[in-house]
Every structure is written in C-alpha cells, then in structure tokens.
Amino acid sequence: MVDRPNKPSALTSTPAAPPQAQIDITHNHSQVSAVLPTGESVEVLLHGATVVSWKDAAGAEKLWVSETASLDGSAPVRGGIPIVFPVFGSAPDHEPTSKLPQHGFARNSRWEFLGKSTSEGSSSSVKLDFGLSSSSLSEETQALWPYKFGLLYSVTLDRDSLNTTIVITNEGDVAFDFQTLLHTYFRVKDITSVEVSGLEDSPYLDKVANSKEETQSSLVTFSGETDRIYTPAKGPKHPVVISEGGAERFRIVRDNLDQVVVWNPWVDKSAATKDFSPKDGWKNMVCVEPGSVKGWQKLEKGDAFEAAQSISLP
Ligand code: TA6
C-alpha cells in the first residue's frame, strides 16, 4: 500500500459531541428548567407555561416575579412572562370572551411539556415546547369559550437572548376571534432611570387617562402609574429598547404582534394588588408586552396564527 504524505493518524476516538443543555423536570413535574453549558438558564412553570426565571451566565435574573406570586398553580403568576389568550384585559362588549377572566385562561391553565430540541450540533441554544388544547381545559372554561383550539408555545434560550413563540391553531369547525399578548415583567434596578425607545411618534391608548388617544413624542420615562397600549409606528421589526441610566438593558423585536403594552403599577396599584410584593417592587420592574390586542384576530377553521417576541441582551 502506498503511504500518502500527511496521512491523518487513525482517530483514537470519535470527536466528542458539543456539550448540550441540561434539561430537568422538577417540583413534582410542575416546572421545566434548562441550563446551557455556558451557565445561562430558564425556568418554566407548566402552570400557564409561565417563564418564571431567565438568568445570564453570571446568574443575574432578568425577569421580575413577585415574592408572593402563586407558583403552585392556584392563580396566574404575578411576574415572569404570563401568556395572555384569548382576550387581553376584559372585554364585556365582546360576547364570546365576555365571561372569561381578565387576560383569558391560558396563563391560568396547566400546560403540557412537549419536549426540547437543540439546534443541530450547537450547544448554544435550547428550545422547550409546551402545549395547551381546548380538550385540556376544565369543563367550566370550555363552557365559557366553546371553541376547539391548540396552542404551541416555544421558549428558546440562547446565550444572549430569549425568544418566546406562540402558535395558535383553530382545530374546530367554526372561526373564532382572539387577542394574545406576552406579558413580560422585566427586572430593572430603578424604574425612575428607565427609558423605553422605539415607540417615538407612535399612537397609544392611555389607560390611566380613560384610554385617551395620545401620540408618543419621545422616549417613554416613568414618574407615575403607566399603562399604555402602543401601536409602534415603525412596525414589529423595529426594536423596542429598555435602557437604564443610559445603558441598554433589553432589546425586543416582534413577529406578528402589532401592539406593545407598557405598564408600571407604581405605588397605589402595587399596594392594591394582593400578590404584588414587596410593595415597593414597582421600583424594580417594567412590563413591556408585545401583543395583538387592538381589535380581534379572526382565525378560520384549520388556520394557524404564529407570533413571537425575541429579547436580546446587550
Ligand atoms: O398589561 C397591563 C395590564 O393590562 C394592566 O392594566 C394591569 O391590569 C396588568 O395588566 C396586570 O393584570 P393582572 O390581571 O395580571 O393583574
């Protein structure tokens, strides 16, 4: 046999696969956690498929969760990323959803963990999938909103980002109208030094002023209760950026979510909200919530609606 120059030496062992994310199902099968090899982590409750923790590689928490949040499935979680579906707020004039609780039933239902997937060969990200269908709702809830649907919610953790995607399918024979929103509670050091950009020149409804229509002239800053439904003028791909003390903290782009709700309850609303604690916790949180909440999305039989938020760290 003719020896070839530079013949590679025989492999002593197959190349090791890159280290993969560690996935655990904990708390008596009620919570799913994922930790990347580089240390970033995410925790998701099966109750509401609510992301309740997102930490960077140094272990710094990015989300705000109330110290008295119900984490046992007895109530919607006060904090993290609750999923709003099929109604945002309450809609007394919208007959099909008028009997539903505030923000709908998705955040207060038990979802199923469908599994994880990693991008081929990459250890830098992991995707966790969760499902909720009409058949898994209580009979009482199915009676309140008798439509057949499926929800697939994916949480993708990467080294400097968290993406949450929802796919809503109409599995029945009749169309239904819905609203949906990702009610993200961001953790900040001091709300009075927070600025939100990317909403300039955008119309909004000011819920603190009886839903008066306004237009945002410049950066959003906070000096009191703030509860606004923006329709960003520059469209979903234009980032909404949360900065603090002039430094960027979070950059949010959206897919198929035309509104952004900005909320801070400030002193009185925090004091009046039973599961909001500590009572001065309003200083350390801001909600920036991508959603489709102006009017109603109609989903025809067999159709699907996909939407996402992608939150990246500087
Ligand atoms: O997204 C802002 C908002 O609609 C506020 O009006 C406030 O009600 C907040 O949601 C919290 O709602 P919740 O039902 O979770 O207490």
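Just so you know, ligand 1 is whichever comes first in the structure, and atom 1 is the first atom listed for that ligand. Just so it is clear, the model here is predicted, and its values are computed rather than measured.
Protein neighbours of ligand 1 below 4.0 Å, counting non-hydrogen atoms: Arg78, Phe88, Gln102, His103, Arg107, His183, Lys207, Asp227, Val261, Trp263, Glu289.
Pairs engaging residues 289-314 under the ring-ring contact (aromatic ring centres under 6.0 Å, His included) rule: His94-Trp296, Phe178-Phe305 [sequence neighbours left out].
Atoms CG and CZ, on Asp160 and Arg251 in that order, are 13.0 Å from each other to the nearest 0.5 Å.
Side-chain heavy-atom separations under 4.5 angstrom define the hydrophobic clusters, and the remaining members of the one that includes Leu114 are Leu152, Val167.
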In sequence, state the C-alpha distance, the side-chain angles, and the governing distance for Leu45 and Phe130, and then conclude on side-chain contact (heavy atoms from CB on, under 4.5 Å). CA-CA 10 Å; Leu45 282 191; Phe130 302 87; over 6 Å; no

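Of the candidates Glu61, Glu43, Gln31, Glu61 is the only one forming a side-chain hydrogen bond (donor to acceptor under 3.5 Å, both in side chains) with Ser53.
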Let me check something: any side-chain donor-acceptor pairs from residues 260-267 under 3.5 Å, sequence neighbours excluded? List them with distances.
unit_1 : atom_1 : unit_2 : atom_2 : d
Asn264 : OD1    : Trp266 : N      : 2.8
Asn264 : ND2    : Trp282 : O      : 2.9
Asn264 : ND2    : Met285 : O      : 2.8

